[in-house]
Amino acid sequence: MSKKQPDHKEGGREEAKLQSPKGMRDLIGEEYYRYQGFFEKAAEVAIYYGFQPIETPMLESEALFYHGVGEHTDIIEKELYSLRTKGGDRLALRPEGTAPIMRAYFEHGLQSQPQPIMLYYHGPFFRHDNPQKGRYREFYQFGLEVLGSGKSITDALIIRLVNTILTEAGLPNLTVEINSIGDRDCRPIWKRELVNYYRKHVKEICADCRERLKDNPLRLLDCKQAKCQTLKAEAPSIISYLCTPCKQHFKEVLECLESMKITYTINNNLVRGLDYYSRTVFEISITFPESNGVSATPNGTSTAIAGGGRYDYLAKFLGSKKPVPAVGAAIGVDRVLAAPGIANLLPRLIKKPKIFFIQLGTEAKMKSLSVIEILRRSKVPIAHSLSKDSLSTQLGIAEKTNIPYAMILGQKEVIDNTVIIRDMRTHSQDVVDLTKLAEHLKSLKS
Ligand code: HAM
């Protein structure tokens, strides 16, 4: 790095900080591979269950999230990264993937294809939250959505899939919490009762809950403040207000989970932080040792690594005349990869180099890229330091990398159309004709 940094102050700009923005970070080296490895494993499971990939833009119209996620949610009120473009459009960095997927469903006329449409996606999402361990401003999700079916089997399919992906990733001891928050027939009755109950106790609740009471009463059940816990425990419970179809739907989902031997806990306080949900909502958590520092619950040991539910009204919120019943979930990949017991899932593309390629002299350097191309065609991954000239420097680097073989191309080998293959462990060497190289390399032990 040059000592003198460009002085941006002259142009009225701040000096460039050589640091990623708060709550965001680079993924590099082993960490990058771990993320890719997880995405590949999750995609593989989703594909076996009949899901198709989709990638939506990082930026969407701000209105999509206002209407989709809900104006009075934390995500919109506190955490949305919104911006006005030079052309005057109001856009937002996506805080979640479900509203964009529903937008894409309509934009591409997917409602005219056989239903349901089953999609998976992964990538970065953005929320301007307070960064701490396990909570970032740029974080990664792997999401699954089933659009165009209201059947309880699709709720079970989503929970099953999330559970399978997390289990395949090596995470035991998952806790599945589930609830039903009713539909537009029964939920308003429960909501009214909840509001009446909290109004009677308004003096006893925290300041945040007073706001929630006005704007988003269901979120009262999410409060973690000690002073609100007793009240919360005695609040009217949704379960007594569910209408017959909602009760039946919930019963069917639970029966499906039981038949698959997925252990669950019913948590009637689980409402989730996004407005589009109806009927089934669920979260999957994992318990971390205290020292890990990742916590989302008052006891400081457990965190939600995936969440989702049914969102039968989202299409209507976005202006569709026809309802599109749907259900989905997203896995918080940063939290999964920080969990104890996580498997080391390496991406398929990553191949450990078997050969360290060494060149000596101008002619050899010129021929290097052609020899590397022979190796690539034979699918032999290599490492090299083409920018170095001396044999001892290159051998020194090769020793440090622990790569089992070195391939040496010098002046003589260029003339003879050969290379030297050196076993770095025994220091024995073979001269191999370039025309027989691919064959010879296949016979080498790793
Ligand atoms: P969500 O619960 O907001 O749901 O996010 C899903 C998961 O993303 C969380 O359980 C958590 O593991 C992870 N996550 C959320 N925020 C952060 C953060 N700031 N840093 C690190 N990880 C985070 C949704 O986003 C819904 N779209 C899920 C869904 C799909 N519902 C239906 N379909």
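In listed order, ligands and their atoms are each counted from 1. Index from 1, following the sequence.
An N or O contact shorter than 3.5 Å links Y136 to ligand 1 by distance. Residue E145 has at least one nitrogen or oxygen atom sitting less than 3.5 Å from a nitrogen or oxygen atom of ligand 1, judged on distance alone. For ligand 1, the polar-atom distance check finds no N/O of L274 at less than 3.5 Å from any of the ligand's N/O atoms.
A salt bridge does not link K227 with E204: every distance from a Lys NZ or Arg NE/NH1/NH2 to an Asp or Glu carboxylate oxygen is 4.0 Å or more.
Protein heavy atom closest to atom 26 (C) of ligand 1, with residue, atom name and distance, is Y276 OH, 3.4 Å.
Among A330, A329, G328, A306, the residue whose heavy atom lies nearest to atom 10 (O) of ligand 1 is A306. The nearest non-hydrogen atom to atom 31 (N) of ligand 1, considering only F139, Y311, F126, Y277, comes from Y277. The heavy atom nearest to atom 3 (O) of ligand 1, out of those in Q141, R127, E96, is found in R127.
Proximity of G143 to ligand 1 is not established, as no heavy-atom distance is less than 4.0 Å. Residue-ligand proximity: G273 is placed with every non-hydrogen atom at 4.0 Å or more from ligand 1. Heavy atoms of R272 approach ligand 1 to within less than 4.0 angstrom. Residue contacts with ligand 1: Y140 is excluded, as none of its non-hydrogen atoms falls under 4.0 Å. By the 4.0 Å heavy-atom criterion, F125 is excluded from the residues contacting ligand 1. Contact between T98 and ligand 1 is present, with at least one heavy atom of the residue lying under 4.0 Å from the ligand.
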Tabulate below the donor-acceptor pairs under 3.5 Å that side-chain atoms of residues 109-120 make, not counting sequence neighbours, or state none.
| from | atom 1 | to | atom 2 | distance (Å) |
| --- | --- | --- | --- | --- |
| S112 | OG | G109 | O | 2.7 |
| Q115 | OE1 | Y105 | OH | 2.6 |
| Q115 | NE2 | L110 | O | 2.9 |
| Q115 | NE2 | Q111 | O | 3.4 |
| Q115 | NE2 | Q113 | O | 2.6 |

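Between I153 and C256 there is a side-chain heavy-atom pair separated by less than 4.5 Å. When side chains are defined from C-beta on, I238 does not count as touching S180, because their heavy atoms never get closer than 4.5 Å. No side-chain heavy atom of T265 sits less than 4.5 Å from a side-chain heavy atom of V176. The side-chain heavy atoms of L274 and E96, taken from C-beta on, include a pair separated by under 4.5 Å.
Close contacts between ligand 1 and G308 involve ligand atoms 31 (N) [criterion: under 4.0 Å to a heavy atom]. Residue contact check: G307 has heavy atoms under 4.0 Å from atoms 10 (O), 28 (C), 29 (C) of ligand 1. Atoms of ligand 1 found under 4.0 Å from any heavy atom of I305 (numbered from 1 in listed order, with element): 10 (O), 12 (O).
Using a distance-only test at 3.5 Å, with no hydrogens or angles considered, a donor-acceptor pair links the side chain of R94 to the main chain of P124.
Smallest separation of non-hydrogen atoms from I159 and V253: CD1-CG1, 4.5 Å.
Side-chain atoms of E145 and Y311 include a donor-acceptor pair closer than 3.5 Å. Judged purely by distance below 3.5 Å, without hydrogens or angles, the side chains of Q141 and Y121 never pair a donor atom with an acceptor atom.
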